[in-house]
Amino acid sequence: ILKKRPDGVVKKNDLELLETPIPTPKDGEVLVRNTYVSIDPTHRIWMSDAPQYMPCVELGETMRAITVGVVEESKFDGLQKGDVVGGIGNCQDYYVSAGEGCDKKDPSVPIPDQMNV
């Protein structure tokens, strides 16, 4: 969770690590277990409130990231348990989505390599 906007180098107290129960998807949603989260220099940009190419991460929000994960449960048409998905997700173990950040990946490509596909 972005706790405060960094001033200079990112410090431990700029972020907060929370443990929460694994969410349950509703109709039209999918539960994804992230297996890979990309930590990039762009995170520093997203943490600021300066004008940028996409909205900044607001205080109290989960940090976004490029992710690859596996569908754990699906109530979403077009995705089923075991599908590998990726896109812009969040820095968290599990997330529920109505399809955002869930681009279905090619199962013949090893999961680590999906970060670049």
Side-chain angles (χ1 to χ4, degrees):
I1 302 294
L2 183 60
K3 198 169 166 183
K4 65 181 215 172
R5 302 224 181 268
D7 181 20
V9 176
V10 178
K11 298 169 199 65
K12 185 177 179 178
N13 63 351
D14 293 334
L15 299 163
E16 182 177 9
L17 179 63
L18 299 178
E19 288 192 37
T20 59
I22 296 172
T24 302
K26 298 176 184 141
D27 287 339
E29 294 181 332
V30 62
L31 172 67
V32 177
R33 177 180 47 86
N34 279 333
T35 53
Y36 289 88
V37 175
S38 180
I39 304 299
D40 301 296
T42 194
H43 281 87
R44 183 62 181 86
I45 296 168
W46 293 340
M47 290 177 172
S48 78
D49 58 1
Q52 48 192 283
Y53 63 97
M54 63 188 308
C56 65
V57 174
E58 296 295 336
L59 296 178
E61 287 184 348
T62 304
M63 279 301 303
R64 81 172 64 98
I66 304 299
T67 63
V68 173
V70 177
V71 173
E72 293 290 314
E73 184 179 347
S74 182
K75 297 178 181 179
F76 181 85
D77 288 338
L79 292 174
Q80 59 187 0
K81 183 175 181 169
D83 284 344
V84 176
V85 295
I88 296 182
N90 291 311
C91 296
Q92 59 194 85
D93 293 330
Y94 292 88
Y95 69 94
V96 168
S97 172
E100 301 88 6
C102 293
D103 298 324
K104 194 170 179 180
K105 298 293 187 172
D106 181 347
S108 69
V109 177
I111 291 178
D113 296 340
Q114 296 285 359
M115 294 298 289
N116 298 314
V117 176

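None of these values were measured; they are calculated from a predicted model.
Within 6.0 Å of atom NZ in Lys81, 12 or fewer heavy atoms from other residues, nucleotides or ligands are found, so the atom counts as exposed in its surroundings. For Asp77, the CG atom counts as loosely surrounded, since its 6.0 Å shell holds 12 or fewer non-hydrogen atoms of other residues, nucleotides or ligands.
Nearest approach of Gly78 to Asp83, heavy atoms of both residues: O-OD2, 4.1 Å. Annotation for Val9 and Asp14: closest pair O-OD2, 4.1 Å, computed over non-hydrogen atoms. Shortest non-hydrogen contact noted between Arg64 and Pro55 is NH2-O, 2.7 Å.
Judged by distance alone, with hydrogens and angles left aside, the side-chain atoms of Thr35 form a donor-acceptor pair with the main-chain N or O of Val68 at under 3.5 Å. Looking only at distances, a side-chain donor or acceptor of Arg5 sits under 3.5 Å from a matching main-chain atom of Met47.
Ile22 and Tyr95 are members of different hydrophobic clusters when ILVMFWY side chains are connected at heavy-atom separations under 4.5 Å.
Salt bridge status for Asp27 with Lys75: absent, with no side-chain N to carboxylate O gap under 4.0 Å. A salt bridge between Glu61 and Lys3 is absent, with no side-chain N of the basic residue lying under 4.0 Å from a carboxylate O of the acidic one.
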**OP:** Go through Leu18 and Glu16 one step at a time and tell me if the side chain to side chain contact (heavy atoms under 4.5 Å, CB included) criterion holds.
**Re:** CA-CA 6 Å; Leu18 299 178; Glu16 182 177 9; 3.5 Å; yes
Original post:
What's the verdict on side chain to side chain contact (heavy atoms under 4.5 Å, CB included) for Gln92 and Thr20, showing C-alpha distance, side-chain angles and the deciding distance?
Top reply: CA-CA 10 Å; Gln92 59 194 85; Thr20 59; over 6 Å; no
Subject >> Full working for side chain to side chain contact (heavy atoms under 4.5 Å, CB included) between Val84 and Ile111 >> reply: CA-CA 8 Å; Val84 176; Ile111 291 178; 4.0 Å; yes
Subject >> Steps toward side chain to side chain contact (heavy atoms under 4.5 Å, CB included) verdict (Arg33, Tyr94) >> reply: CA-CA 4 Å; Arg33 177 180 47 86; Tyr94 292 88; 3.5 Å; yes
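For the residue pair Asp40/Thr42, the side-chain donor-acceptor check at 3.5 Å is not satisfied.
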